[in-house]
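This report refers to the structure that appears directly beneath it.
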Amino acid sequence: MGSTNSTLSKIPNVEELVQETGFTPAHIVRLYDRFEALDKEKTGHLRPQDFGAINRLAINPIGDRIIGAFFSPGQETVDFHSFVRILAHFRPADKKRPKDPSMPEPVNSRTSKLKFAFQLYDQDKDGKISRAELLQVLRSMLEMQVTEEQLESIADRTIQEADLDTDDAISFEEFRKSLEKVNIDHKMSIRFLR
Amino acid sequence: MGLFLDFNPFDNLLCILLGISFTVWFTLLLVFIIVPAIFGVSFGIRQLYMKTLLKIFEWATHRIERGAKDNNHLLYKPYSNAIIAKEPTSLEEEIKEIRRSGSNRDLDHASEFEMSDIFYFCRQGVESIMDDEVTKRFSAEELESWNLLTRSNYNFQHISLRLTVLWGLGVVIRYGFLLPLRVTLAFTGVGLLVVLTSIIGFLPNGRMKNFLSEQVHLMCYRICVRALTAIITYHDSENKPKNGGICVANHTSPIDVIILASDGCYAMVGQIHGGLMGVIQKSMVKACPHIWFERSEVKDRHLVAKRLSDHVEDKTKLPILIFPEGTCINNTSVMMFKKGSFEIGSTVYPVAIKYDPRFGDAFWNSSQFGMVNYLLRMMSSWAIVCSVWYLPPMTREEGEDAVQFANRVKAAIARQGGLVDLLWDGGLKRGKVKDTFKEEQQKLYSKIKLPVIGREV
């Protein structure tokens, strides 16, 4: 038991984080504790290996992709700010927030969540999910359980249904359209305590 | 020159005073601690000590809470360790639900792969990044009330003068009075153990030797228990392990051995170390047969199993004490038991040990502290309070293999001690998870789709 003020003072630019992500200071303190627990060598940054130590993540079929989402291209470490910004995608949407077109899209809006999910598929970041990329995801989710032909037929069928402009790839708009009836906010949100 | 003459009478006085205080000190020690240890009686001093401490801690916690409210600090109770509320739904339910809401096709095709399936895994993955069961187990448990040890309150702040004074007083008492006392006792206990067991080693094998060795072991362990100010409550002593059996217990710290061995006689199992430990081990084995392995023999599972079963078959030998988790866990849960000891086929006597964290955290985080550091921490805490439950003996049933038996025993121990029963391997503290677990996830996901795929092809 103790005061959180001492931890808060250790974190630089807390105000900025609160503004950007919508987390409360108490949440940020808790996330900082978690960050420190993962950062075993106390470098102030996390590397992919630190994420790899989380066992439930290691058995997740798309665990590697999720870890990859934390690191910007070319970067090998992620600092606390980036860590929190990525996790903020999973905050439940703020229903009361007025839709202000001049303000940047909040990080936990439906579109932002969809973009996050999209990038898990689109590993080369060219804005489209190609057939090969889709196959890769299917392979990691199903691996030993089905044959290559079965995987290919699933991939074909999926592209057929979602691909509206028949370029044999799924763009972000097509992705969004195919999921318009899914309650993204519910499925891609994590309930934070307190 | 005159100065020298002046010092002499003072010198004498000083010596006399020192002499007297040492004598008084040792007499007290002898009467109140060592003699009762020999005979196994207790004056109840430690129970009284415990009650007083609890009252003081309550007051201290109260002060912190009040102080924080006054200064408008944010206080969070880390006892509820979770950041997030996890939904305990299974993979199947989740996927069906996602599909049901999002499908713009008829139910015939409901079992095919959909783009939205990734959401489940994505969320699970991020949830585990924020909070996961296993990593929690390997760091010390955080406390709700403060026990005046800065090591358990990571955010100690100057809240009130009285509290700081109390804490300072606590430090003085613990390091100035309790620590030297305990260190003296520890040396006495260990020294006696080594000397007496070596002497007994010269006696011819027989009932007399066994009896004496038991008495000596018990006495020395009791002294060590007092050296740690361990206040132990034993429950259900009628289930105490008997000869020819194997005693298994959950493992939190090396002190577990002392706690159990001060109430009954066991044959220990372990690797031979060098240094002081080695000396103790070699002399112990002279008085009664313990099972010590050379480093090279530890790898050979068959050799280990053979020696254990040989020991167990000989009914005159003491029950074996084993900690199947293989490593120290932080005493909030029980991890996977290694099956080796359950393959031998003798009666297993499970024992649950639960420490009360209010007085001092007994968990040994071997990656954080070495053994000596750990022992010093233990000896400068207030006390070590724990409960030991002797559970009724269990044997392997027909058609049950060693792993199932091990899990059954583990569940019983977890239930009794109020600990969470976890499937994960204690070895995960150092290593990575096995690929078989990953395959399990994939199998489960594919089961939802395979019926349709079968029809397709």
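Labels below follow one simple rule: chain letters A, B, ... track the order of the sequence lines, proteins then strands, and each chain is numbered from 1.
For A/Ile159, no part sits under 4.5 Å from any heavy atom of chain B, backbone or side chain. For A/Ile129, the part lying near chain B is the side chain, with the backbone staying farther off; criterion is any non-hydrogen pair under 4.5 Å. Residue contact with chain B, scored on non-hydrogen atoms closer than 4.5 Å, involves the side chain of A/Ile66 exclusively. Neither the backbone nor the side chain of A/Phe35 comes within contact range of chain B, judged by heavy atoms closer than 4.5 Å.
Between B/Arg123 and B/Glu127, at least one side-chain N (NZ, or NE/NH1/NH2) sits under 4.0 Å from a carboxylate O, which counts as a salt bridge. Comment: A/Glu36 does not engage A/Lys42 in a salt bridge, judged by the lack of any side-chain N to carboxylate O separation of less than 4.0 angstrom. In this structure, A/Arg131 pairs ionically with A/Glu152, as a charged nitrogen and a carboxylate oxygen lie closer than 4.0 Å.
Ring-plane geometry between A/His89 and A/Phe116 is classed as tilted, the angle between the planes lying from 30 to 60 degrees on a 0 to 90 degree scale.
Across A/Lys125 and A/Gln119, no two heavy atoms sit closer than the pair NZ-OE1, 3.7 Å. Of all non-hydrogen atoms in A/Leu120 and A/Ala69, the two that sit nearest each other are CD2-CB, 4.4 Å. Contact detail for B/Cys122 and A/Phe90: the closest heavy-atom pair is SG-CZ, 3.7 Å. Here the shortest heavy-atom pairing between A/Asp39 and A/His45 reads OD1-O, 3.3 Å.
Residue-level contacts of residues 76-87 of chain A with chain B, in order of numbering, are A/Phe83, A/Leu87; threshold 4.5 Å between heavy atoms.
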